[in-house]
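As structure tokens, the structure follows; a few thoughts come after it.
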Amino acid sequence: MRARSRRKLPFLLGGLTVAALAIPASAQAHGIVGRADLPIPVWLFSWAAAIVLVVSFVALSTLWTTPQLQEQHRRALVLLPTALEWLACLVGVGLFVLVVYSGLAGAQVPLANFSVTFIYVIFWVGTPLASVLFGDIFRAFSPWRTCARVLSALVRRVRSSAPSRSSSSLSGSSSTCDQHEAPLRYPEWLGMWPAVAVIVGFAWLELIYVPADREHPATLAVLSLAYFLVTLAGMTLFGIEEWGGRADGFGAYFNLLSRLSALVRDEDGVICLRRPLSGITDLEVDPGTVALICAIIGTTTFDGLSNGGVWRNVEPSLQGLFADLGLSPTPALELAYSVGMLFCLGLIAGVYRLGIAGVRSVSTRYDTRQLMHAFAHTLVPIGFAYVLAHYFSLLIWNGQAIGYLASDPLGNGANLFGTSEYQIDYNVISFAAIWYVQVVALLAGHVGGLALAHDRALVMYDNVEEAVRSQYWMLAVMVAFTSFGLWLLSAVGT
């Protein structure tokens, strides 16, 4: 049985590579860079990417014979002063106030208002990158978490003045107080599903909602304030850590990506260095965790798909279908795009489920649910790769707008820091360099996913050969995601 599997391996890998490359090779090399700007054809990039994945798989199976990422091997670097933490909290609250105020009181022109660029570029795109580079920094800057902590401290102080409270009960840590003082218990069955709803909902706002409204500063300000109030209420009722780690979609998303970082802050406030990727191996998989990871990849996938020629050919038919049901053009268009997003979410989940089914075919000792949970963390590097590859140019170019918006956040002609005349420099990076970054990001993310999957397989299976055989289908998943990602990038604008 094992001998037959080994003999089939070269044919399996070759077939996967050819099949996965069929789509990218036939895709038109337009999109974000354009065929004339590339030093080599897109199909050659695609073949090289698949070859790198296959070579990485062979190298892992040959050289990586014991688990290396299950322990973080932390090394202390520096103690973070408490004052610096509270400074970050104040900065986070201040930025949130500025976003809301500029959105409500500033010029209702998207490019001239601080709130629009900050939310869609700095917050939504910049924070994931910063989280992977520097760890869970959003935890320190989160305005709702800061306000919830302050509110919790005030409540404890009021309660401490009551004679029925003993002094010993007030000496616990803030996390202990938060856990015991929460009036309601967070439902275990709910898990991460609220976070999934937040991420998908924000993606719907960004990609599907009427452009005139989704880029309207006042609309964004009102939505930001509403989210702040709901999150603050949730943290007050269910606990800061419970609600913040499961129901706060942005906190859960950024924390998930921060586990990829080589930097982490421990319980004593010490910044530590750890092995890259080792922070994601102990991910606790709650109800909705797999869906959250698939949502990160799926929503980004739809963003790329909706800018390509395939979607432009399909979308009018979908919109016409809903229009025939009596809907006006705008709701019909939004429903058509919603169907497209749901399709992408289902596609990503389906590909992962297919890979897990292949893993289970190697051994029946684990059921499908156990395997889906055990290998869920391997998709996180892929999610970040998709985000970075797709939004890198947006961050590099549109992110420069913060230079002049910081001086004129309301768009009323102010020049607070002398930078209001600053202009976006689109020559700061070439189109070809952007394409290189996108390809490298996709490759690095999928190689990281392969490494995590192989490392986990070594823990779960009795010997190296069985662990390697279990990963044939995960290799297929990685090749499929890489090829699909390259196709999305090359198909933009076609």
| Residue pair V132, L388: steps toward the side-chain contact (heavy atoms from CB on, under 4.5 Å) verdict | CA-CA 11 Å; V132 173; L388 180 60; over 6 Å; no
From [X] atom [atom1] to [Y] atom [atom2], the distance as rounded to the nearest 0.5 Å:
X	Y	atom1	atom2	answer
L80	I271	CG	CD1	5.0 Å
S261	L133	OG	CG	7.0 Å
R275	L69	CZ	CG	7.0 Å
R74	L263	CZ	CG	11.0 Å
S142	F228	OG	CZ	9.0 Å
T301	I348	OG1	CD1	4.0 Å

Can you check whether [X] reaches [Y] side chain to side chain, under 4.5 Å on heavy atoms?
X	Y	result
F302	T299	no
S224	F96	yes
T300	Y391	yes
E85	R265	yes
I296	L379	no
S393	I396	no
F392	V125	no
V121	L395	yes

Is there a donor-acceptor pair closer than 3.5 Å between any side-chain N or O of [X] and the backbone N or O of [Y]?
X	Y	answer
D268	V270	no
H454	L450	no
Q471	V468	no
D286	T289	no
R274	E71	no
S361	G358	yes

| Stepwise, does the side-chain contact (heavy atoms from CB on, under 4.5 Å) test hold for T378 with R456? | CA-CA 9 Å; T378 65; R456 178 56 55 86; 5.5 Å; no
| request: Using a strict cut-off of less than 4.0 Å between a Lys/Arg side-chain nitrogen and an Asp/Glu carboxylate oxygen, indicate whether R246 and E188 qualify as a salt bridge. | output: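 Judged by the 4.0 Å cut-off on N to carboxylate O distance, R246 and E188 do form a salt bridge.
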| request: Taking only Lys NZ, Arg NE, NH1 and NH2, and the carboxylate oxygens of Asp or Glu, determine whether R214 and E334 approach each other closer than 4.0 Å. | output: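 Answer for the salt bridge query: no.
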Closest non-hydrogen atom pair between [X] and [Y], with its separation:
X	Y	answer
P381	L277	CG-CD2, 4.4 Å
M235	R145	SD-CA, 3.9 Å
W193	P287	NE1-C, 3.6 Å
A385	G445	CB-CA, 3.8 Å
G249	Y227	N-OH, 3.1 Å
D303	N307	O-ND2, 2.6 Å

| message | Can you confirm whether more than 12 heavy atoms, excluding those of F343, are under 6.0 Å from its CZ atom? | response |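 Open.
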| request: Tell me, yes or no, whether the heavy-atom count around R365 atom CZ, taken from other residues, nucleotides or ligands under 6.0 Å, exceeds 12. | output: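 Above 12, so yes.
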| message | Using the side-chain contact (heavy atoms from CB on, under 4.5 Å) definition, which of the options Y253, F254, F138 pairs with D248? | response |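 Among Y253, F254, F138, the one that satisfies the side-chain contact (heavy atoms from CB on, under 4.5 Å) with D248 is F138.
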| field | Test side-chain contact (heavy atoms from CB on, under 4.5 Å) applied to I293 and L256, I382, V196, the passing residue | value |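 That would be L256.
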| field | side-chain contact (heavy atoms from CB on, under 4.5 Å) evaluation trace for S306 with L207 | value | CA-CA 9 Å; S306 62; L207 305 175; 5.5 Å; no
Taking the six-membered ring for Trp, are [X] and [Y] parallel (under 30°), tilted (30 to 60°) or perpendicular (over 60°)?
X	Y	answer
W243	Y186	perpendicular
F250	W124	perpendicular
F118	F123	parallel

| message | Per the ring pair (Phe, Tyr, Trp, His ring centres under 6.0 Å) rule, what does the pair list look like for residues 349-377, sequence neighbours excluded? | response |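 Residue pairs with at least one partner in residues 349-377: Y366-Y461.
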| said: Between Y337 and W311 (judged by ring centroids, cut-off 6.0 Å), do the two rings come close enough to count as a pair? | reply: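 Close enough - the centres of the two rings lie under 6.0 Å apart.
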| message | I'd like to know whether L458 forms a side-chain contact (heavy atoms from CB on, under 4.5 Å) with T66, so could you lay out the CA-CA distance, the side-chain angles of the two residues, the decisive distance to 0.1 Å, and finally the verdict. | response | CA-CA 6 Å; L458 291 174; T66 58; 5.5 Å; no
| request: Take R139 and E241 through the salt bridge (Lys or Arg N to Asp or Glu O under 4.0 Å) test and state the conclusion after the steps. | output: CA-CA 10 Å; R139 180 182 175 88; E241 302 304 326; 3.2 Å; yes
| said: Applying side chain to side chain donor-acceptor pair (under 3.5 Å) to D455 and Q70, what does each step give before you reach the verdict? | reply: CA-CA 8 Å; D455 200 73; Q70 304 305 307; 2.6 Å; yes
